[in-house]
Structures are given as structure tokens and as C-alpha cells.
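Throughout, protein chains are lettered first and strands after them, A, B, ... in sequence-line order, and every chain is numbered starting at 1. Given the structure is predicted, the values throughout are model-derived calculations rather than measurements.
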Amino acid sequence: MSSDTYNYFDGNAAAGELSRIFTMDVTAVEGCCAHCGATRLFADAHLYMQCPGIVARCPACQHVLLRLVSIGQRMFLDVRGLSYFRFDVP
Amino acid sequence: MWRVGTVVALQDETATARTIRFEVPDWPGHVAGQHVDVRLTAADGYSAVRSYSIASAPNVNGSFEITVERLPDGEVSPYLTQDVMAGDRLELRGPIGGWFVWRSDQTGPIQLIAGGSGIVPLMAMIRSRVSAGSTAPFRLLYSVREPKAVWYGNELRTLSGRDPSLDITYAYTRSTPKDWPRPAGRIDAALVANATWPSSLGPTCYICGPTSFVETAAEFLAASGIRRDKIRTERFGPTGDRK
């Protein structure tokens, strides 16, 4: 098995950057993959950080769920790969 | 939101790992298992952010500890393990994460599995259990390269020695203490079966370490019949570095 096989983190590692956008913690939020329909906690997403920005992939099908890039004072958030996030409102 | 924390204490855990205690005036307090982002900014404006798990138990006095392992090619960890001094001020964001946490009102059996530096958030859970006076039964399976690479070894020995409901199994991957019953090697299904709660007890499981370790341990637990939704993981990536 190549050393690149396990080169991902998990959704927990993106929580700090995403806290700049979302007021609620995202790690315990359920997201639905727009590609395969799997619903998982964002904490379980596979997170790739060896790139400009952050890419979160579905742990079931590896489809891209979310991309986040910061350039100076601008942040770009692409959530095309998610059909929804389910927040449990306190 | 970034806050400024002051380094108030430093303690070496091993030759390459150091615990740093911060005080943050408006720190909101944390739950065991959460992490914090640390941002270092160079004179030219270049900044680097790394995530570190909090090692200390929750408290209300605005302080917490992280333990950092020095990585040979790291941008941040050499500074944090060699250069930082008491009185230094660093930018901190957190506490972060609401999933990989243990709260003291959880009374069910808890299985902790650590790979190397993955012990840190699990140590926070053990310390939280002690400080809250919880009697939740805890088991820890701690995989580590060699005896001298163990973090918090004296404290773990003391705590488990006086509390039979905190059970610790060490698994050494490179070299073992003298006369150790199990030869050095990675965790396997037999070890996990012997050192963890049976699935019939419905333990909640927390696994933290390098990604390959976490995936392997999670597979062993799932194969032993533990439900996937009872297995919580935190993966540190390929090397154990958080970014």
C-alpha cells in the first residue's frame, strides 16, 4: 500500500477554518454527499490539506464535498458536492 | 476568532515532545477531546496555522495545555518544542470540535485507542474523568514506538494503579521493555480483542493517531462487532503532523 494511501486528515481538522464562516461547530453536523447520497458526520470526511486550501471528500465514495480557499482577505467556499448539511439547532 | 495566550509553563515529556501551558484571559473553557489552532506569524507577514489537541482536563481558570511533538521538517513544531519560552504570547483559536469529545455526564464504558501522539486528546478525557470524579469504566490501548516514547507515563501509572476501572494496555511497535509478553509489532486483531471492551457492553470508542493507524484500529473494532456510530476517530494525517 503506497504511503499516499493515508495522506488525509478528517473533518475535525477543518473546524477551525470553518468556524470563521459557521457559527455552529461543523464536526457534529451531518452532511449528505451529492454524488452517492451517503449521509455522514462532517467529522468523518476525509480532509486533504496538502494543497492550496482545504478539500473534504466523502468517506464513502471519495467525491469532493467541500473546498475552502483563503486568499488574503477573501475566502472561497465551494459546497457543490454536498446536497445538504443538517444542523441540530440548540 | 483569534485570542492571545501567554505561555506560563513548559515541561518536556520525552526527548522530542514538550507540554506547553497557556493562560488566555477570555478563554471560554473546553471539553476533553477538543483541539486548538495555533498561529505563528513571521516578521514578513508569513503565517502558519497548526492544530493541537488539548491535553489538560477542562477547568474554569482560563488555562490549558497542549503537548507538541517535534517533527524534523516541521515549520511550527521546532519552534514550539525548542524556542518558545514562558511569557511568550501566541495567537490561539478555539476550543474547536464538538464530535471527538468525552463529557463527564457520559457514564457508559469508554474505549480509548491511541497511536503515538494521538494519546493527547485521550489523556484529556482520562484527566477529565478524574477531575469530574467520574466512575465511567475506561480502557486505554496505547500503541507507541518504544518505552521511552511514552507520554504521561508516570501519571498514567499512578492513575491506573489506584483505580481498577482505568485499565491500560501498552503495545510497542519497535522495542519493548525487558521480558514484555508481546513482541514488538503493530496492533493486530488478537491484541485489540484482548485489550478492548467486548462489543456486548456497547462501549463508545475514541481512536486518535496517524491516519493509517486510525483506519486499522477502527476496522478491528468494527470487525469485533462494535457499531460504526460508536467509533469516533481523529486522524492526524500521514506523519502524525496535524497539517
Novice: Identify the heavy atoms of B:Arg235 and A:Ala45 that sit nearest to each other, and give their distance.
Specialist: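 That would be NH1-O, 4.4 Å.
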
Novice: Of the non-hydrogen atoms in B:Gly98 and A:Asp25, which two are nearest, and what is the gap between them?
Specialist: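 Answer, listing the atom of B:Gly98 first, then A:Asp25: N-OD2, 2.9 Å.
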
Novice: Could you pull out the closest heavy-atom pair between A:Ala13 and B:Ser51, with the gap in Å?
Specialist: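 Closest approach of A:Ala13 to B:Ser51: O-OG, 4.4 Å.
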
Novice: Supply the atom-to-atom distance B:His35 NE2 to A:Thr27 OG1, rounded to the nearest 0.5 angstrom.
Specialist: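 So the NE2 of B:His35 and the OG1 of A:Thr27 are separated by 8.0 Å.
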
Novice: How far does CZ of B:Phe236 sit from CG of A:Asn12, to the nearest 0.5 angstrom?
Specialist: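 B:Phe236 CZ to A:Asn12 CG: 9.5 Å, rounded to 0.5 Å.
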
Novice: Counting C-beta onward and ignoring hydrogens, is there a side-chain heavy-atom pair between B:Thr211 and A:Tyr8 closer than 4.5 Å?
Specialist: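 Result yes, sub-4.5 Å side-chain heavy-atom pair found.
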
Novice: To the nearest 0.5 Å, what is the distance between CZ (B:Arg228) and CZ (A:Arg40)?
Specialist: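 Those atoms lie 8.0 Å apart.
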
Novice: With a cut-off of 6.0 Å (strictly less than), are more than 12 heavy atoms of other residues, nucleotides or ligands near CZ of B:Arg21?
Specialist: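 Yes, the 6.0 Å shell around CZ holds more than 12 heavy atoms from other groups.
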
Novice: B:Glu234 and A:Asp10: which non-hydrogen atoms are nearest, and at how many Å?
Specialist: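 Between these two residues, the closest heavy atoms are CA-OD2, 3.1 Å.
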
